[in-house]
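These notes are about the structure you will find just below.
Only this structure's heavy atoms are used, side chains among them; waters, hydrogens and symmetry mates stay out.
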Amino acid sequence: QVQLVESGGGLVQPGGSLTLSCAASGRAFTNHAMGWFRQAPGKDREFVAAISWGGDNTLYEDSVKGRFTISRDNAKSTGYLQMNSLKPEDTAVYYCAGAHVPWVVVGSSTYAYWGQGTQVTVSS
């Protein structure tokens, strides 16, 4: 079993930046792609970004392209989501997730492991 713990959320003004971290522990987190999802109040959970096990492939939801960067450090079993130029509509609980496959995947049903979520609020 793999445990994922997110950190780095908080309150930030529009145009500001935050970096979320996702630390994996437990069973070796090898050959797992990693993804970030978010859920705003009253809305369904949506895909934000994903990165392959080797870090050579990434995918982003259109509204975050050019503003968010996903990365990972497998030596530290940690993933990251750098968020720049934040907007009020980015406000949500952000979840990291681990897939059973090493390649980039989008659908939440393909992710087997989930963190507890971290709140990101963008407001002046």
Do the charged groups of K87 and D90 touch, with an N to O distance under 4.0 Å?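 No, this pair does not count.
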
Please say which of E46, E89, E6 ends up in a salt bridge (Lys or Arg N to Asp or Glu O under 4.0 Å) with R38.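 Exactly one pass, corresponding to E46.
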
Any non-hydrogen side-chain atom of [X] less than 4.5 Å from a side-chain atom of [Y]?
X	Y	value
L86	L18	yes
L11	S123	yes
P88	P14	yes

So if you build clusters from Ile, Leu, Val, Met, Phe, Trp, Tyr with side-chain heavy-atom gaps below 4.5 Å, do [X] and [Y] land together?
X	Y	result
V5	V48	no
L59	I70	no
Y94	Y80	no
L20	F37	no
V93	L4	no

Looking at every non-hydrogen atom in both residues, tell me the closest pair between [X] and [Y] and how far apart they are.
X	Y	answer
Y111	V106	CE1-O, 4.2 Å
T78	S21	CG2-CB, 4.4 Å
R67	S85	NH1-O, 3.0 Å
W36	G79	CZ2-O, 4.2 Å
M34	C22	CE-SG, 4.2 Å
W53	N31	CD2-N, 3.4 Å

Using the ring centroid of each side chain, check whether H32 and Y113 are separated by less than 6.0 Å.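 Yes: the rings meet the under 6.0 Å criterion.
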
Is the Y60 to F47 ring centre distance short of 6.0 Å?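 No: the rings miss the under 6.0 Å criterion.
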
Decide if atom CG of D56 counts as having more than 12 heavy atoms of other residues, nucleotides or ligands within a radius under 6.0 Å.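 Result for CG/D56: enclosed.
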
Please determine if R45 forms a cation-pi arrangement with Y95, meaning its NZ or CZ atom is less than 6.0 Å from the six-membered ring centre and no more than 45° off the ring axis.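 Positive - R45 is close enough to the ring of Y95 and near enough to its axis.
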
May I ask you to check whether S124 and Q13 show a side-chain donor-acceptor distance below 3.5 Å?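 No.
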
Test side-chain contact (heavy atoms from CB on, under 4.5 Å) on V120 and M83; report intermediate values, then the result. CA-CA 10 Å; V120 172; M83 305 184 294; 3.9 Å; yes

